[in-house]
Amino acid sequence: MDDGRWRERARLQAGMLGVWQLSRLGVTRSVMRHKLATERWGQHTDRVLATTTGEPTLLQRQWLGVLHAGRGSLVGGVSAAENAGLRGWSRDHVTVLVDDEWSFDPVPGIEFFRTRRPLRDLRGSRPGRLPVCQLEPAVLLFAAYDPSVRTAQGIVAAVVQQRLTTPEALTGWIERLRPLRRARLFRRVLLDVAGGAQSLAEIDVRRMCRTHRLPPPTRQRPRRDREGRLRYTDCEWALPDGRTLVLEVDGAFHADVLHWGADMRRQRKLATSVRIVVRCSAIELRDEPEAVAEDLVALGVRSCAGAVARATTAAHDSTTGP
């Protein structure tokens with residue numbers, strides 16, 4: 001017998017229903033088999049059915065993950081951050097946080113992240129809706145275990161820069177999640193972000209200056225080029241002889257030859273007899289900051305210590321977590 005009570009639950013869950021939910025709502029196994037056989041419904045796993053057919057949407061895949069895992073599981077990681085509004089960090093898979101002791105079959109396109117932390121403490125306050133982890137723990141747990149330290153730093157900075165949370169809120173969750181892998185690294189990143197750094201390159205510049213005792217540069221200084229166009233420089237230092245040294249940091253997009261050529265032309269037009277423009281790559285700034293610092297000193301930036309120390313250990317520690 002099918003009295004239709006499942007329809008409201010399906011509406012709330014983007015058309016995705018757990019087999020156990022259907023049983024509780026009075027839908028028998030024979031009714032489920034009939035709807036599948038007549039292609040009214042679709043089956044995604046042995047635990048989850050869909051009242052629609054065809055390729056599932058992102059929201060349906062998120063419901064699929066939490067319904068398949070069951071028992072308080074939450075959408076987590078970048079998936080949870082995207083639900084909170086994060087832009088530019090899309091992943092092909094959906095991340096679902098589950099209890100470390102639960103056992104179930106894997107699902108293609110779903111990454112199950114196991115944790116011993118109580119899931120009820122991580123859930124956002126959205127009763128009756130898709131169970132999603134709060135933004136701060138979702139991002140910190142993702143960043144703590146992503147293989148790339150660079151990605152970990154980037155997403156922690158991004159959620160603050162996109163005004164989805166604050167350094168204070170993230171710092172509070174670092175304490176609540178103790179022990180948390182890379183916690184020391186995250187605190188340093190948040191100190192830089194709170195100080196006004198707007199990208200990973202900016203964070204690397206601030207870190208280089210701090211490590212090698214260079215004065216911090218002026219960031220995003222508005223300048224008119226020789227054609228009168230308003231430009232913004234990455235970093236500037238006022239030199240003792242009255243000249244200005246400009247450092248432009250080339251990001252990954254400079255692998256595109258057209259962008260690279262246009263950027264070089266732009267920088268040439270910014271150069272004058274009293275304004276020196278030099279360049280480095282974001283990779284060099286990250287991996288060899290001591291070399292960049294030495295060149296800046298050679299060009300006239302005065303080190304606070306009188307010379308640039310080759311602090312290889314300190315530089316390495318600033319780009320890796322505990």
Side-chain angles (χ1 to χ4, degrees), residues 12-16 18 44-45 48 56-100 102 104 106-183 185-186 189-190 193 321:
L12 293 173
Q13 297 179 178
M16 308 299 285
H44 292 279
T45 74
V48 184
T57 65
L58 174 59
L59 180 58
Q60 287 178 319
R61 289 193 292 122
Q62 292 176 344
W63 273 110
L64 169 61
V66 296
L67 290 172
H68 182 78
R71 299 175 60 187
S73 59
L74 306 172
V75 174
V78 175
S79 303
E82 286 188 303
N83 273 280
L86 182 65
R87 305 181 307 278
W89 284 81
S90 294
R91 295 293 188 271
D92 292 334
H93 61 266
V94 168
T95 299
V96 175
L97 303 183
V98 298
D99 187 276
D100 190 48
W102 297 354
F104 43 79
V107 179
I110 309 293
E111 179 182 79
F112 294 105
F113 182 94
R114 298 181 178 275
T115 178
R116 295 180 180 178
R117 296 174 172 86
L119 294 173
R120 63 180 178 275
D121 296 341
L122 306 180
R123 180 169 178 168
S125 55
R126 301 179 63 184
R129 298 186 180 182
L130 178 69
V132 179
C133 182
Q134 295 181 57
L135 172 66
E136 292 83 3
V139 166
L140 290 170
L141 289 174
F142 166 80
Y145 293 96
D146 190 85
S148 168
V149 173
R150 195 70 174 167
T151 298
Q153 294 179 90
I155 195 168
V156 170
V159 292
V160 176
Q161 291 158 0
Q162 295 184 26
R163 300 186 179 182
L164 302 176
T165 187
T166 64
E168 294 75 19
L170 284 165
T171 300
W173 270 100
I174 290 172
E175 296 304 313
R176 291 178 64 177
L177 294 172
R178 293 179 66 183
L180 179 67
R181 187 168 179 259
R182 295 174 175 163
L185 172 66
F186 298 153
V189 170
L190 290 170
V193 174

- [ ] Supply the atom-to-atom distance F112 CZ to W102 CH2, rounded to the nearest 0.5 angstrom.
- [x] 10.5 Å
Task: Student check: side-chain heavy atoms of R91 and S79 closer than 4.5 Å - done: no
TODO: Please report the closest heavy-atom contact between G76 and L97, naming both atoms and the distance.
DONE: CA-CG, 3.9 Å
Open item on the list: Any side-chain to backbone donor/acceptor pair from R120 onto G72? Under 3.5 Å, distance only.
Closed with: no
Open item on the list: So L67 and H44, do their side chains get closer than 4.5 Å, heavy atoms only?
Closed with: no
Open item on the list: Tell me the closest heavy-atom pair linking V98 and S73, and the distance in Å.
Closed with: CG1-CB, 4.0 Å
Open item on the list: Testing the basics here: between S90 and E82, what is the closest heavy-atom pair and its distance to 0.1 Å?
Closed with: OG-OE2, 2.7 Å
TODO: Go through T45 and F104 one step at a time and tell me if the side-chain contact (heavy atoms from CB on, under 4.5 Å) criterion holds.
DONE: CA-CA 11 Å; T45 74; F104 43 79; over 6 Å; no
Open item on the list: Does any part of the side chain of T166, heavy atoms only, come nearer than 4.5 Å to the side chain of T171, both counted from C-beta?
Closed with: no
- [ ] Find the distance between CG (L122) and CD (Q134) and round it off to the nearest 0.5 Å.
- [x] 7.5 Å
TODO: Kindly confirm or rule out a cation-pi arrangement of R182 over F142, judged by NZ or CZ under 6.0 Å from the six-membered ring centre and within 45° of its axis?
DONE: no
Open item on the list: Show the nearest heavy-atom pair for residues C133 and A138, with the distance to one decimal.
Closed with: SG-N, 3.6 Å
Task: Atom CZ of R114: over 12 foreign heavy atoms under 6.0 Å - done: yes
- [ ] Answer yes or no: is there a side-chain heavy-atom contact under 4.5 Å between L185 and V156?
- [x] no
TODO: Could you tell me which non-hydrogen atom of L177 sits nearest to which non-hydrogen atom of P137, and how far apart they are?
DONE: CD1-CA, 4.1 Å
Open item on the list: So does A144 get a backbone contact from the side chain of R181, meaning a donor-acceptor N/O pair under 3.5 Å?
Closed with: yes
TODO: Side-chain contact test, heavy atoms from C-beta onward, threshold under 4.5 Å: evaluate it for D146 versus I155 and give yes or no.
DONE: no
Task: Test item: Q60 side-chain N/O and G15 main-chain N/O as donor-acceptor pair under 3.5 Å - done: no
Task: Spacing of CG belonging to L170 relative to CG belonging to L135, to within rounding of 0.5 Å - done: 7.0 Å
Task: Closest non-hydrogen atom pair, Q13 against M16 - done: NE2-O, 2.7 Å
Task: Interatomic spacing from CD in E136 to CD in E168 - rounded to 0.5 Å - done: 11.5 Å
Task: Validation row: R71, D99 side chains within 4.5 angstrom (heavy atoms) - done: no
Task: Rounded distance (nearest 0.5 Å) linking atom CG of L64 with atom OG1 of T57 - done: 10.5 Å
- [ ] Measure the shortest side-chain to side-chain distance between L140 and F186 over non-hydrogen atoms and say whether it is less than 4.5 angstrom.
- [x] yes
Task: Min side-chain heavy-atom separation V96-H68 under 4.5 Å - done: no
